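Before any comments, here is the structure.
What you are looking at is a predicted structure, and each value in this text was computed from that prediction instead of being measured. Heavy atoms only: backbone and side chains are in, while hydrogens, waters and symmetry mates are out.
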Amino acid sequence: WIDSGAALAAAEQGGGEAYRRDHQGSLKTMLLVRGVFDEEEPDATTSTLVYSDLGAPSLWVVVDASEGKVRRTWRG
């Protein structure tokens with residue numbers, strides 16, 4: 001698996017940096033999980049990062065733990 005720094009870098013490039021800048025938000029949670037948040041590969045291990053602020057819906061970024069690519073993002 002990629003290390004947490006690489007997962008964070010991918011999440012930042014995948015929308016986290018823009019979210020923090022546009023909403024004065026910050027990274028609140030970072031989880032390494034298996035079998036969650038990936039419908040295409042339910043057994044995949046991912047790093048899931050949640051950015052939030054007080055006035056906007058949170059940004060969720062799911063990074064593939066093997067390849068370091070952003071698999072999906074959503075707000076909520």
Report the hydrophobic cluster partners of Leu32, with the cluster defined as I, L, V, M, F, W, Y residues connected by side-chain heavy atoms closer than 4.5 angstrom, directly or transitively.
Trp1
Under the rule for side chain to side chain contact (heavy atoms under 4.5 Å, CB included), what residues qualify as partners of Glu41, not counting sequence neighbours?
Asp38, Ala44, Arg71
Which heavy atom of Val70 sits nearest a heavy atom of Gly14, and at what distance?
CG2-CA, 4.0 Å
Could you note down all residue pairs passing side-chain hydrogen bond (donor to acceptor under 3.5 Å, both in side chains) where residues 55-66 supplies at least one of them, sequence neighbours left out?
none
Partners meeting side chain to side chain contact (heavy atoms under 4.5 Å, CB included) with Val36 (sequence neighbours left out)
Val33
All salt bridge (Lys or Arg N to Asp or Glu O under 4.0 Å) counterparts of Arg34, not counting sequence neighbours
none
Transitive ILVMFWY side-chain link Leu8 to Val63, under 4.5 Å:
yes
Under 3.5 Å, sequence neighbours excluded: what are the donor-acceptor pairs made by side chains of residues 16-26?
| from | atom 1 | to | atom 2 | distance (Å) |
| --- | --- | --- | --- | --- |
| Tyr19 | OH | Asp53 | N | 3.4 |
| Tyr19 | OH | Pro57 | O | 3.1 |
| Arg20 | NE | Glu12 | OE1 | 3.2 |
| Arg20 | NE | Glu12 | OE2 | 3.2 |
| Arg20 | NH2 | Glu12 | OE1 | 2.5 |
| Gln24 | NE2 | Arg21 | O | 3.3 |
| Ser26 | OG | Lys28 | NZ | 3.3 |

Between Tyr51 and Val62, is there shared hydrophobic-cluster membership here, with clusters defined by ILVMFWY side-chain heavy atoms closer than 4.5 Å?
no
When rounded to the nearest 0.5 angstrom, what is the spacing between CH2 in Trp74 and CG in Leu59?
9.5 Å
